[in-house]
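Presented below is the structure to which this report refers.
If you're wondering where the values come from, they're calculated on a predicted model, not measured in any experiment. Throughout, a chain's letter reflects where its sequence line sits, starting with A, and its residues are numbered from 1.
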Protein chains: 2
Amino acid sequence: MTQHIIIIEDDSVTRRRLAGALRKQIYRVSEAEDADQMEEILARDPADLLLVDINLEGKDGLTITREQRAKSKAGIILLTSRDDQIDRIIGLEMGADDYVTKPFDKRELFARVKNLLARINEIGTATPKPDPVWQFGRWQLNRMRRRLEDENGAVEPLTRAEFELLHAFTRHPGVILSRERLLDLIQHRQWAPDNRTIDVLVGRLRKKIETDPTQPDWIITVHGEGYVFASPES
Amino acid sequence: MTQHIIIIEDDSVTRRRLAGALRKQIYRVSEAEDADQMEEILARDPADLLLVDINLEGKDGLTITREQRAKSKAGIILLTSRDDQIDRIIGLEMGADDYVTKPFDKRELFARVKNLLARINEIGTATPKPDPVWQFGRWQLNRMRRRLEDENGAVEPLTRAEFELLHAFTRHPGVILSRERLLDLIQHRQWAPDNRTIDVLVGRLRKKIETDPTQPDWIITVHGEGYVFASPES
DNA sequence: AGCCATTGTTACATTCTTTTACAAACTCGA
DNA sequence: TCGAGTTTGTAAAAGAATGTAACAATGGCT
C-alpha cells in the first residue's frame, strides 16, 4: 500500500507541479486548495503526510498544523514562502515536523518527505527521535532551530560557523578532536598545514559561551592535539 | 584481514574506476549496481564500509543509508552529485557518516575512506570511560576538563603534559614507573637516553600539587629507577 | 553597486614543551 | 666517612603551539 500525501496549497501551478513530481516517486497524492477540501479528502482517505503552504486563504497553514496535530498522526511539512525565521520557528512550535522554503529544490523536498515518512513508520519499532536539544551548563543548543538559549530562554546568537562548531563538539563530548577533524566536520574542507581558522572560531565561541574565556569550562585546549568538549554530566 | 568495501553505483564506468583505485590501496572491494546486488554481497560477506551513490535507480542512496544504519555497523559514505548543503545535511541526518561530491578527487576520497575505517575500528578498542574524577589528598583530578581542583573547588590549571603525567600516575598508583614508560604514557614519542623531559615535568607538577616540593608526598623519586605515585589510601 | 554581517588570514603576544647546563643529591667501594 | 661517578633537581633558553586583535575577503541582500 503506497503512502498517502495531501498537498494543501492555493497556487494551482505550484500544487500541480508538486503533485506530479511526487506521484512519480510512487506516492498517492491528493490536492487541496484549502482546509475545507483537505478535510473532505481526509474524511474518506486518511493521510500519512500533509504538505501545507503556510500562506493560505481562509484557515492558514499554522492553524491547520495545530488542528491536525491534535487529532491525527500524520506528519506535517510546511511550505514557507521565504527563508523567514519567524515562519519556521512558529511552524515548528505549532507542531510541524519539518519545513521547506520556496522556491524549493525538488530533491530536498523528496528527501524530507521520504525521511519523515520513514520516521513515522518507524515509530513503535525503532528508537524514538532523539531530543533535538543539547543541554550543557546553563545553555541549551537547539539543533532544529540552530540557536543557543540560556536557562531563561534568552537567545545567544551564533553565526553559522559557530553553530556548526558547537554542534560538532556536542556530537563528540569527551573526545579530543583535531583541528583537521573539526574543519572537516564543520565545512567539509581539507586541511592546510598553517590553517588557524579553527583556533579563531574556538576563541569566538568561547567568548559567547564561557564565563571566563581564559579559563574555559567547556571547550578545553589539548596542546598539540586539538580541543575537547567536556561532557555536561561531569 | 583486509577490510571490505562495497561500492553501490549504477554508472559502471565510475564504479569500475573507483573499485580499481581502491583495490590498489589494498582494500577488498565489491561492486553492486543497486540495493539488491548489495544485499547479495552483504549476505555472504559483511562490509566494513559502504560507498553509496545517492542517485540510484530503484532504492536510492538515502533509503539504503537508513536501512543499513538500522541493521549494520558498516560505515557509510555517500557519493553526491553536487556540492550543495542539502545533500550533506540530509545525508547526515539520515545517518551517513560522511559524503563526497562528484566529480571527486581521489585523494580526498581515499582520505575519507581511511579516516572512517580508522574511526570505526577505534570504537571497539577505545578505552572504557574512566571514572570522571580521581581523588587524592585534598585534590581531585577532573579528567573531563583536564584540570585539578582542590576541596573547595578552586581550579589549579594543568598544562597538557602535566595533566597527562598526573593522569598516568593516577592510573598506576604504587607502581614504579621508569622515565621511558612515563614518556610513552604521556605522548607517542621515542626514548632518547639523555632525555630529561620527565624530570622537568615532575618538578613542575610537584610545585603545583605538593605542599613542599622538596619533600614530596605524592610523586616519590626512586633513585635509578623512576618515580612512584603514592596510593591515596596509604 | 554598496551595505552589512560573517568568515578567513595575518601578525604578534602569550603560553607550553623540550633542551641545556649546572648544582645538588645519591650510591658505593675503599 | 670520603670522594668519584652517577643520577636527579631545576632555572633558564630555545623552540613550538595557541590566543587573539586587526585587517581582508567573501557572500547575501537590496
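- A heavy atom closer than 4.0 Å to some atom of DNA chain C occurs in B:R204, these being the qualifying members of residues 203-214 of chain B.
- Among the nucleotides C:dT17, C:dC12, C:dA21, the one closest to the side chain of B:R160 is C:dT17.
- Residue-level contact check: B:Y227 touches the backbone only, with heavy atoms under 4.0 Å from sugar-phosphate atoms and none from bases.
- Ranking D:dT8, C:dT19, D:dA17 by closeness to the B:T197 side chain, first place goes to C:dT19.
- Of the residues near DNA chain C, B:V200 and A:A161, the one whose nearest nucleotide (by heavy atom distance) lies more toward the 5' end is A:A161.
- One finds no side-chain N or O of A:T221 lying less than 4.0 angstrom from the OP1 or OP2 phosphate oxygen of D:dA17.
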Side chain to side chain contact (heavy atoms under 4.5 Å, CB included) assessment of B:L22 paired with B:I7:
CA-CA 10 Å; B:L22 282 166; B:I7 301 171; 4.1 Å; yes

Set out, in order, the CA-CA distance, both residues' side-chain angles and the distance that settles side-chain hydrogen bond (donor to acceptor under 3.5 Å, both in side chains) for B:T211 and B:R138, then state yes or no.
CA-CA 11 Å; B:T211 317; B:R138 67 195 200 84; 5.8 Å; no

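- Residue A:Q187 has a polar side-chain atom (N or O) positioned under 4.0 Å from OP1 or OP2 of C:dG8.
- At whole-Å resolution of the value, CG in A:N195 and C1' in C:dT9 are 9 Å apart.
- Using bins of under 30°, 30° to 60° and over 60° for the plane-to-plane angle, the ring pair B:F229/B:W218 lands in the parallel bin.
- Note on ring orientation: taking the six-membered ring where Trp is involved, the planes of B:Y227 and B:F169 are perpendicular (angle over 60°, cut-offs 30° and 60°).
- Among the nucleotides D:dT8, D:dT18, C:dT7, the one closest to any side-chain atom of A:T159 is C:dT7.
- Nearest to the side-chain atoms of A:H223 among the listed nucleotides D:dT10, C:dT17, C:dC26 stands C:dT17.
- Of the candidate nucleotides C:dT27, C:dT18, D:dA17, C:dT18 has the atom lying nearest to any side-chain atom of B:L201.
- If you measure from atom CD of B:Q215 to atom C1' of C:dA25, you get 12 Å, rounded to the nearest angstrom.
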